[in-house]
Amino acid sequence: LNKLLSPLLDGFLRLLAFETWYRFKGSFTCEEISHPDERFDRLWMKSRARFAVLGERSSEFLEWKYLGTPNAEHKIFAMFNSDKTELKGYIIYCMDGDSIDIRDFILPEDQKAIRVLVTHFLRHVRKACPNSVVVQFLENREIAGLFKRFGFLKAKCGRAIYYCCN
């Protein structure tokens, strides 16, 4: 019965999902890229002032931490201005079994741009038909609210906050 109902329920939930119906008019480009570059360095320097705690996010560090690991194949989904000279935000993720695991992200400053990035990211990764998309981050009401709007559900595990979207 589960195998029969699951595809129907998945389809119904996707019809209700925010990213299915969200449309925007703007000058952003979202795409998967192979390596971080100097645009990541500029975004990291700019973002350090926005957050009380933000570890290193230089292109060299991201390359070493995520793309230099043999254990998992990490991918970078990035959002740029229209001429691709400025990085607005990014999401680094990998497949973990039948789940998409978001490992790192810096979101754009304005709410419209955040919605564009997350919408395009979810549309992109859902092509792989994952059972869930999971993100872990330190408690932050603004980021938690954003993920809730996209259908993510909260699960508390120790001091970290997990959100999962089916």
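In this text, all values refer to a predicted model and were calculated from it rather than measured experimentally.
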query: When rounded to the nearest 0.5 angstrom, what distance separates CG in Leu43 from CD in Glu109?
result: 8.5 Å
query: Going hydrophobic residue to hydrophobic residue with side-chain gaps under 4.5 angstrom, can you get from Val135 over to Ile92?
result: no
message: Using the rule given for side chain to side chain donor-acceptor pair (under 3.5 Å), can you reason through Ser59 versus Asp37, listing the C-alpha separation, both sets of side-chain angles and the distance that settles it, and then say yes or no?
response: CA-CA 5 Å; Ser59 59; Asp37 55 28; over 6 Å; no
- prompt: Under 4.0 Å between a Lys/Arg side-chain N and an Asp/Glu carboxylate O for Lys84 and Glu31?
  reply: yes
- prompt: Is the shortest distance from a Lys or Arg side-chain nitrogen in Arg48 or Glu56 to a carboxylate oxygen in the other one below 4.0 Å?
  reply: no
- request: Can you label the angle between the Tyr90 ring and the Phe40 ring as parallel, tilted or perpendicular, going by 30° and 60°?
  value: tilted
message: Are the side chains of Leu122 and Val133 in contact, using a 4.5 Å heavy-atom criterion?
response: yes
field: Shared hydrophobic cluster, Phe150 / Val125 (ILVMFWY, side-chain heavy atoms < 4.5 Å)
entry: yes
task: Would you mind reporting whether Lys88 and Phe28 have side-chain heavy atoms less than 4.5 Å apart?
output: yes
- request: Go through the structure and list residues passing salt bridge (Lys or Arg N to Asp or Glu O under 4.0 Å) with Asp96, not counting sequence neighbours.
  value: none
task: Determine the sole option in Glu32, Lys75, Arg103 for which the side-chain hydrogen bond (donor to acceptor under 3.5 Å, both in side chains) test with Tyr93 is passed.
output: Glu32
query: In terms of hydrophobic clusters joined by side-chain contacts under 4.5 Å, are Met95 and Ile102 together?
result: yes
Full working for side-chain contact (heavy atoms from CB on, under 4.5 Å) between Leu62 and Leu67: CA-CA 7 Å; Leu62 295 173; Leu67 302 177; over 6 Å; no
- prompt: Run the side-chain contact (heavy atoms from CB on, under 4.5 Å) check on Ile33 and Phe80 step by step: do they pass?
  reply: CA-CA 11 Å; Ile33 61 171; Phe80 302 98; 4.1 Å; yes
- prompt: Mind checking whether Cys30 and Phe77 have side chains closer than 4.5 Å, heavy atoms only?
  reply: yes
query: So do Asn81 and Ser27 actually touch side chain to side chain, heavy atoms under 4.5 Å?
result: no
message: Do Met79 and His120 make a side-chain contact, defined as non-hydrogen atoms from C-beta onward lying under 4.5 Å apart?
response: no
- request: Give the C-alpha distance, both sets of side-chain angles, the deciding distance and a yes or no for side chain to side chain donor-acceptor pair (under 3.5 Å) between Thr69 and Asn71.
  value: CA-CA 6 Å; Thr69 60; Asn71 301 347; over 6 Å; no
query: Could you state the interatomic distance from CG (Asp104) to SG (Cys94), rounded to the nearest 0.5 Å?
result: 11.5 Å
message: side-chain contact (heavy atoms from CB on, under 4.5 Å), that's the test. Do Val118 and Leu146 meet it? Break it down for me.
response: CA-CA 9 Å; Val118 176; Leu146 165 80; 4.2 Å; yes
- request: Flag yes if more than 12 heavy atoms outside Arg141 fall under 6.0 Å of its CZ atom; otherwise flag no.
  value: no
- request: Mind checking the CD-CD1 spacing from Gln111 to Ile114? Nearest 0.5 Å is all I need.
  value: 4.5 Å
- line: dist Cys129:SG -> Asp98:CG (nearest 0.5 Å) comes out at 11.5 Å
query: Would Phe137 and Ile100 show up in the same hydrophobic cluster when neighbours are defined by side-chain heavy atoms closer than 4.5 Å?
result: yes
field: Pro108 side chain reached by Leu117 side chain, heavy atoms, under 4.5 Å
entry: yes
query: After noting the C-alpha distance and the side-chain angles of Glu86 and Arg39, does the key distance pass the side-chain contact (heavy atoms from CB on, under 4.5 Å) rule?
result: CA-CA 6 Å; Glu86 183 183 357; Arg39 296 171 293 185; over 6 Å; no
- prompt: With a cut-off of under 6.0 Å to the ring centre and 45° to the axis, is Arg42 in cation-pi contact with Trp44?
  reply: no
query: Taking side chain as C-beta onward, heavy atoms only, is Pro130 less than 4.5 Å from Ser99?
result: no
field: Nearest-0.5 Å distance, OG1 of residue Thr29 to CG of residue Leu87
entry: 11.5 Å
query: Can you get from Phe121 to Phe152 by hopping between Ile, Leu, Val, Met, Phe, Trp and Tyr side chains that sit under 4.5 Å apart?
result: yes
message: Do Glu60 and Lys65 have side chains that approach each other closer than 4.5 Å (heavy atoms only, starting at C-beta)?
response: no
message: Atom CD of residue position Glu73 - does it have more than 12 heavy atoms of other residues, nucleotides or ligands inside 6.0 Å?
response: no
